There are 2 protein chains.
Amino acid sequence: MTDQTVPTTAAGEAATARGEQTRQLILETAMRLFRERGYARTTMRAIATEAGVAVGNAYYYFQSKEHLIQEFYARTQAEHRTAAQPVLDRESDFAARLAGVLHAGIDVLTPSHEFAASFFKTAAEPTSPLSPFSAESSGPREAAIGLYAEVLTGSTAKVDAELRPQLPELLWLAYMGVVLFWVYDRSPGQARTRQLIDGAVPLVDRLVKVSRLRVLRPVTQQVVSLIHTLRH
Amino acid sequence: MTDQTVPTTAAGEAATARGEQTRQLILETAMRLFRERGYARTTMRAIATEAGVAVGNAYYYFQSKEHLIQEFYARTQAEHRTAAQPVLDRESDFAARLAGVLHAGIDVLTPSHEFAASFFKTAAEPTSPLSPFSAESSGPREAAIGLYAEVLTGSTAKVDAELRPQLPELLWLAYMGVVLFWVYDRSPGQARTRQLIDGAVPLVDRLVKVSRLRVLRPVTQQVVSLIHTLRH
DNA sequence: GAACCATCTTGAACACGTTCAAGTTCTGTC
DNA sequence: GACAGAACTTGAACGTGTTCAAGATGGTTC
């Protein structure tokens, strides 16, 4: 919904009203066909035909078939944020906030499970612009990490001072792990993923709270130091 | 009506002398070209030409280009096992065994880093036969899990009785995590991955040993129960 | 040897993602 | 209105993985 993103077309950067309309048309058609038939079974020719344009025209607006998915990321992230808002407003307990936000993320993803699984391979490639770790994905990624920062700041949880700054990114990583599990989850309605969240959140909660105990200080520091090392 | 289990097709277990020779030739050629040019830039036509056979012939022995990689798995796993043997013979401390085996795994993978990254996307797709979780990969997977069972059984570590049976698979999962990190690792010589291993192993060691403490019994049980739930 | 049949081999053909030189439409300027 | 250039659009053509009907090969049986 929010058109605040800077449009990056294949040819240039400037998006005029004329082109924007076609761009949106192609995008909507693509998203619809992806949902209907899956990613692999939707051909660029089909997208172009259904949208009533030439194949080459789709490539004028999108660098590749994969780049059509970039939009999916942005939308999903925005929806996740929206879906998480009530939880953030309502809950103050860390575990409740975390579980709520994680569930909201899966809620938003659920209608796209098949589609997501089929293009996941693309996102998984380290050099792909679609990788959640890539520079191109930094927008949605930063937004997502910000969401987990809110999970933390709005909660009453007391966290070890050294661990705290690292925690949002760690929680986002955990979310990536949940998404990874979800992609592979073949249980009906991805019920397992829900169980994973419900089972893992209390453990994370426990770990986070226990990080302040004097006895475990060395361990906490060990963890923080490892993170620092790995990050450079 | 009798055992007409014909099918040498690609599944390729019935190996007559005639066919096996061609199969090996194609395989060696493919592996060489993959290493030389990378996965994506090696075409099936190039493999066939270099091997001196027709394109279709390659497809007689291998279901797809991806399936050529299956062999890479099997070989890597076998090499891993071999490389890990000295460590298993020498060490009895759990942490030392685990670190040694993990490092051995990365040792074996190192020459293929570029190649591995380029086909990783393929392996990441849930429905791919190359997925480490797929039925087709069960051979190498079971072997790998067995390796981590040895890490445990040969060690002097005392582990919670309920956790113990789950541990080999968990350690293998951790190894998958390390490999995931390694694929994304752009540091020279993948030095970060080494740091990850050296940093994470003591933590795992600590966790495993601490699992027996009476105070933490509930947590351990919570973890074990979560694993059970997720596995069905 | 001849006939049979499973095994193996071939290469043209297909569908796909992608490119690009060539066209068309729009917008601003005089 | 005429012109220039940018923005947009086209569809044939390329290289790719993959398929398949047709043919070749070699062992087995009589």
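Here the structure is a predicted model, which means the values were calculated and not measured. Naming: A, B, ... by sequence-line order, numbering from 1 per chain.
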Would you call B:Arg75-B:Glu79 a salt bridge at under 4.0 Å N-O?
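Between B:Glu79 and B:Arg75 there is no salt bridge, as every charged N stays at least 4.0 Å from the carboxylate O atoms.
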So, OP1 or OP2 of [N]: does either fall under 4.0 Å of a side-chain N or O from [X]?
| X | N | result |
| --- | --- | --- |
| A:Tyr59 | C:dT18 | yes |
| B:Tyr61 | C:dT9 | yes |
| B:Thr22 | C:dT9 | yes |

Rounded distance in Å - [atom1] ([X]) to [atom2] ([N]):
| X | N | atom1 | atom2 | answer |
| --- | --- | --- | --- | --- |
| A:Phe62 | C:dT19 | CZ | P | 15 Å |
| B:Ile26 | D:dT18 | CD1 | P | 14 Å |
| B:His67 | D:dT18 | NE2 | C1' | 13 Å |
| A:Arg37 | C:dC16 | CZ | C1' | 14 Å |
| B:Glu20 | C:dC8 | CD | P | 9 Å |
| B:Met44 | C:dT10 | CE | P | 14 Å |
| A:Leu33 | C:dG17 | CG | P | 12 Å |
| B:Gln63 | D:dC20 | CD | P | 13 Å |

Sugar-phosphate only, base, or nothing, as touched by B:Val53 at under 4.0 Å among non-hydrogen atoms:
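The residue B:Val53 makes sugar-phosphate contact but no base contact.
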Options [options], nucleotide nearest the side-chain atoms of [X]:
| X | options | result |
| --- | --- | --- |
| B:Thr43 | D:dT16, D:dG11, D:dT18 | D:dT16 |
| A:Arg45 | D:dT9, D:dG17, C:dT18 | C:dT18 |
| A:Tyr60 | D:dG17, C:dT18, D:dA7 | D:dA7 |

Distance-only side-chain donor-acceptor flag, B:Arg194 / B:Gln190, under 3.5 Å: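 Per modelled atom types, B:Arg194 and B:Gln190 side chains form no pair under 3.5 Å.
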Is the ring pair A:Trp172/A:Phe133 parallel, tilted or perpendicular, if the boundaries are 30 and 60 degrees?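 Ring orientation of A:Trp172 relative to A:Phe133: perpendicular.
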* Geometric class of the B:Tyr148/B:Tyr175 ring pair [parallel <30°, tilted 30-60°, perpendicular >60°] ->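 B:Tyr175 vs B:Tyr148 ring planes: tilted.
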**Request:** Could you pick out which residue, B:Ala58 or A:Asn57, lies toward the 5' side of DNA chain C when each is mapped onto its nearest nucleotide?
**Result:**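 It is B:Ala58, whose closest nucleotide lies nearer the 5' terminus.
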Legend entry - A:Phe72/A:Phe115 aromatic ring centres below 6.0 Å: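 For A:Phe72 and A:Phe115, the ring centres are under 6.0 Å apart.
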